[in-house]
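Working notes for the structure below.
All values reported here derive from a predicted model rather than from experimental measurement.
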Amino acid sequence: MTDILVIGSGGAGLTAALEAKKRGKSVIVLSKTHPTSSQTCQAQGGINGVLGNNDDNIQNHINDTLRSAHNLGDEKTISYLCENAADTINWLDSIGVPFSRDKNNDIAQRSLGGASNPRACYSSDYTGLKILHTLYDNCLKEGIEFINEHMVLDFIVENGVVKGVTALDIETTKVKQIATKKVITASGGYAGIYTNYNTNSTATTGDTVAAALRAGCELSNMEYIQFHPTALKDSCVLLSESARGEGGYLVTKDGNRFTDELAPRDVVARAIYEKIKNNQEVYLDLRHLGLEKIKETMPQEYDLALQFANLKLDEDLIPVMPAAHYTMGGIKTDINGKTNINGLYAVGECSSNGVHGANRLGGNSLLEIITFGKRTAGAACEDIKDTASFSEKEYPQYKHSVDMIKNIFKKENRINFYERKKDMGEVFYNNVGLFRSKELLDDTYLKVKQWQEESKVTGIEDKSRIYNTQLKELIEFNNMVQLCEAIVLSAINRKESRGAHYRTDYKNENPDLAKESIIIKEGTALKGDLI
């Protein structure tokens, strides 16, 4: 039995694994895909931190984060994030992250949306990717064990204590039980619900968030999904905020700028969406920056625009649209990553610890996953000494998971879930996106209940036992359908506009509703409220 099982091999998971290993614990990292292909790669623009190189200060960073959170952020958690930012960045620098440098050979910093000062440290426009690769290299040096291509099915919980997980071996379609003393889930968010309208990888389907809900965890602020203002039109390939941080403009076809490019993301995304809904194209204009600066500061964006749109940043206007990018809600935790289930911790985008509130500040996502990846692992390691005796017996959840997979293979397939998944993306983008209303949300809730009923008679055509991706994708779809209900219930309950949640029927913030929205499972039903 291992001491700590880490689910997810992104920045949060790898950081947690390194910290646990440093503290002398045995660690396994379980990943649905392979390390270095996680969503951390999409955090291109930078990682925030006050380094003392300019007139910025930590209180400014705290204030910017609180303002972006719209009174839903936890001040203690936010203060910890900002006060430890320099240590986080210096640690990344010490283990080999190749940060870009300024003329004084200090770590270079740029402005991102919502920030009062340029404090985002970056590595060209590959910041998340470079951090991820460096963390993985260090995990390999430490001899940390990885189990790849295994998908979590459910948490094993006995008498209110997590005992491990059941997981699907994607290669063989066999179910495995993995027992452990503590579980840290760092498996990413759930923006994959917005099929064809998100910047995420296809693996970002909220599997452990749904599993945590089934196990009895509280979910928090599920209605808060951040839309990135600048995804390539049609493909939704992300064009980093670094493009605007370096001086890019947002313009209509006639060349007119219509918004503050470095306003908070929700403000900019809604401004773009309104133009598009009024049949106006919106473009990212970088031509005035010149090829030399573009190639130096955003080579990845240059290549992406050329590869996916056959356009050149130095010569062409780049058509853009908002796309679902980041989920602020997730498994409710305290500042140490603890959930309401003993022994189960969550960190990163799958969690909700109060650091982002109603709207994440650009540049804080990478900072969160590293800073709290360390803290959560530290808490889990400290708690191991209080762990009761554990058994590697076969738990009832294992048989339940085995039977679930058998039933999927036996079930006659009456519904094409790929079509439903496409419908889900379109419905959620239009109804539970940048603008919402009671009518749209009620209509969506009925759709969700229909999808849930249909899932009972949805099987798979492919009956093979080797790399059955259809099996994996059906399980992902069922998880997303479950989370859809949590999102819509939370959005219905929040009768106001706050941050990334904007309702056309309640256009103002209501001071009395500066509360968390909580979702729990009671029997077979989900219950939600603001507390």
inquiry  = Is there a side-chain contact between Lys438 and Ile492 in this structure, where contact means two heavy atoms from C-beta onward sitting under 4.5 Å apart?
reply    = no
request  = Output yes when a side-chain donor or acceptor of Gln109 lies under 3.5 Å from a complementary backbone atom of Gly49, and no otherwise.
outcome  = yes
message = Is it the case that the side chains of Asp125 and Ser240 hold a donor-acceptor pair, with the cut-off being a distance below 3.5 Å and no angle test?
response = no
message = Walk me through whether Arg436 and Asp505 qualify under salt bridge (Lys or Arg N to Asp or Glu O under 4.0 Å).
response = CA-CA 8 Å; Arg436 305 165 181 187; Asp505 49 351; over 6 Å; no
task = For Arg119 and His61, test the side chains for any donor-to-acceptor distance below 3.5 angstrom and give the result as yes or no.
result = no
task = Before accepting this row, confirm whether a basic side-chain N of the pair Arg270/Glu274 lies closer than 4.0 Å to the acidic partner's carboxylate O.
result = no
query = Cation-pi between Lys182 and Tyr345: NZ/CZ under 6.0 Å from ring centre and within 45° of the ring axis?
reply = no
task = Go through the side-chain N and O atoms of Arg375 and Asn336 and say whether any donor and acceptor fall under 3.5 Å apart.
result = yes
query = So Tyr273 and Tyr429, side-chain contact (heavy atoms from CB on, under 4.5 Å) or not? Walk me through it.
reply = CA-CA 11 Å; Tyr273 188 79; Tyr429 188 74; 3.8 Å; yes
message = Quick check: Phe227 with Tyr197 (ring centres under 6.0 Å apart)?
response = no
ask   = With distance as the sole test, does Gln39 use its side chain to make a donor-acceptor pair with the main-chain N or O of Ser201 at under 3.5 Å?
value = yes
query = Judged by atom type as modelled, is there a donor-acceptor pair below 3.5 Å linking the side chain of Thr327 to the main-chain atoms of Ala191?
reply = no
query = Is a side-chain donor or acceptor of Ser351 paired with a backbone partner of Asn353 at a separation under 3.5 angstrom?
reply = no
ask   = Do Arg494 and Tyr224 meet the criterion of a side-chain donor-acceptor pair at a distance under 3.5 Å?
value = yes
ask   = Taking C-beta and beyond as the side chain, do Met424 and Ile193 meet within less than 4.5 Å on heavy atoms?
value = yes
Trace of the salt bridge (Lys or Arg N to Asp or Glu O under 4.0 Å) decision for Glu142 with Lys21 = CA-CA 8 Å; Glu142 295 297 327; Lys21 187 74 171 181; over 6 Å; no
ask   = Taking everything shown except Gln59 itself, do over 12 heavy atoms lie less than 6.0 Å from its CD?
value = yes
query = Would you call Asp106 and Arg101 a salt bridge, taking side-chain N to carboxylate O under 4.0 Å as the test?
reply = no
ask   = What's the verdict on side-chain contact (heavy atoms from CB on, under 4.5 Å) for Tyr190 and Thr205, showing C-alpha distance, side-chain angles and the deciding distance?
value = CA-CA 5 Å; Tyr190 48 90; Thr205 52; over 6 Å; no
ask   = Under 4.0 Å between a Lys/Arg side-chain N and an Asp/Glu carboxylate O for Arg244 and Glu241?
value = yes
query = Do Thr333 and Thr339 come within less than 4.5 Å of each other through their side chains, counting heavy atoms only?
reply = yes
message = Can you tell me how far apart CD1 (Ile519) and CD1 (Ile487) are? Round to the nearest 0.5 Å.
response = 10.0 Å
ask   = If we only count heavy atoms from C-beta on, is the Ile369 to Thr15 side-chain gap below 4.5 Å?
value = no
message = Would you say the ring centers of Phe435 and Tyr502 fall short of 6.0 Å from each other?
response = yes
ask   = Side chains of Leu51 and Ile107: closer than 4.5 Å at any heavy-atom pair?
value = yes
note = Note: Ser68 and Arg360 closest approach over all heavy atoms is OG-C, 3.7 Å
ask   = About how many Å separate CG of Asn53 and CG of Asn117, when rounded to the nearest 0.5 Å?
value = 12.0 Å
request  = For Thr185 and Ala346, indicate whether the former's side chain and the latter's backbone hold a donor-acceptor pair under 3.5 Å.
outcome  = no
inquiry  = One pair to check against side-chain hydrogen bond (donor to acceptor under 3.5 Å, both in side chains): Glu301 and Ser242. What are the steps and the verdict?
reply    = CA-CA 9 Å; Glu301 315 314 308; Ser242 61; 4.6 Å; no
ask   = For Asn105, does its backbone N or O pair with a side-chain atom of Asp102 as donor and acceptor, under 3.5 Å?
value = yes
query = Would Ser497 and His501 count as a side-chain contact (heavy atoms from CB on, under 4.5 Å) if you check the C-alpha gap in whole Å, the side-chain angles of each, and the deciding distance to 0.1 Å?
reply = CA-CA 6 Å; Ser497 292; His501 172 75; 5.8 Å; no
query = With a 3.5 Å cut-off and no angle check, do the side chains of Asn508 and Glu496 form a donor-acceptor pair?
reply = no
query = Counting only heavy atoms not in Asn104, do more than 12 fall under 6.0 Å of its CG?
reply = yes
query = Between the side chains of Ser26 and Asp3, is a donor N or O closer than 3.5 angstrom to an acceptor N or O?
reply = yes
ask   = Do Val157 and Val161 have side chains that get closer than 4.5 Å, going by heavy atoms?
value = no
task = Would you check if there is a donor-acceptor pair between the side chains of Gln44 and Thr127 at a distance under 3.5 Å?
result = no
remark   = On a heavy-atom basis, the closest approach of Ser9 and Phe146 is CB-CE2, 4.4 Å
Point-to-point distance, once rounded to the nearest 0.5 Å, from CD1 of Ile272 to NE2 of His228 = 9.5 Å
Donor-acceptor contact below 3.5 Å, side chain Thr204 vs main chain Asn200 = no
ask   = Between Tyr326 and His356, is the ring centre distance below 6.0 Å?
value = yes
query = Taking C-beta and beyond as the side chain, do Thr65 and Cys82 meet within less than 4.5 Å on heavy atoms?
reply = yes
ask   = Counting only N and O atoms by type, is there a donor-acceptor contact under 3.5 Å from the side chain of Asn48 to the main-chain atoms of Gly362?
value = yes
key: Shortest non-hydrogen contact between Arg110 and Ser124, atoms and distance   = NH1-O, 3.1 Å
Sidechain-backbone polar pair: Thr504 side chain, Ser437 backbone, donor-acceptor under 3.5 Å = no
remark   = Here the gap from Ile225 atom CD1 to Leu434 atom CG, rounded to the nearest 0.5 Å, amounts to 10.5 Å
inquiry  = Would the distance check show the side chain of Arg503 and the main-chain N or O of Ala491 forming a donor-acceptor pair, the cut-off being under 3.5 Å?
reply    = yes
message = With heavy-atom distances below 4.5 Å as the criterion, would you say the side chains of Lys32 and Glu476 are in contact?
response = yes
request  = Provide the closest heavy-atom pair for Cys217 versus Ile341 in the form atom of the first, atom of the second, distance.
outcome  = SG-CD1, 3.7 Å
key: Minimal non-hydrogen separation, Leu440 against Asn430, with atom names   = CD1-O, 4.2 Å
key: Check against salt bridge (Lys or Arg N to Asp or Glu O under 4.0 Å), Asp137 and Lys141   = CA-CA 6 Å; Asp137 286 347; Lys141 289 176 188 176; over 6 Å; no
remark   = Of Ile318, Val282, Leu239, Val268, the one forming a side-chain contact (heavy atoms from CB on, under 4.5 Å) with Thr230 is Leu239
query = Roughly how far, to the nearest 0.5 Å, is the OG1 atom of Thr2 from the CG atom of Leu30?
reply = 11.5 Å
key: Derivation and outcome, side-chain contact (heavy atoms from CB on, under 4.5 Å), residues Leu81 and Glu368   = CA-CA 7 Å; Leu81 176 82; Glu368 180 205 7; 4.2 Å; yes
inquiry  = So which atom in Ala323 and which in Asn198 form the shortest heavy-atom distance, rounded to 0.1 Å?
reply    = CB-CA, 4.1 Å
query = Between Glu509 and Arg498, does at least one N-O distance fall below 4.0 Å, as a salt bridge requires?
reply = yes
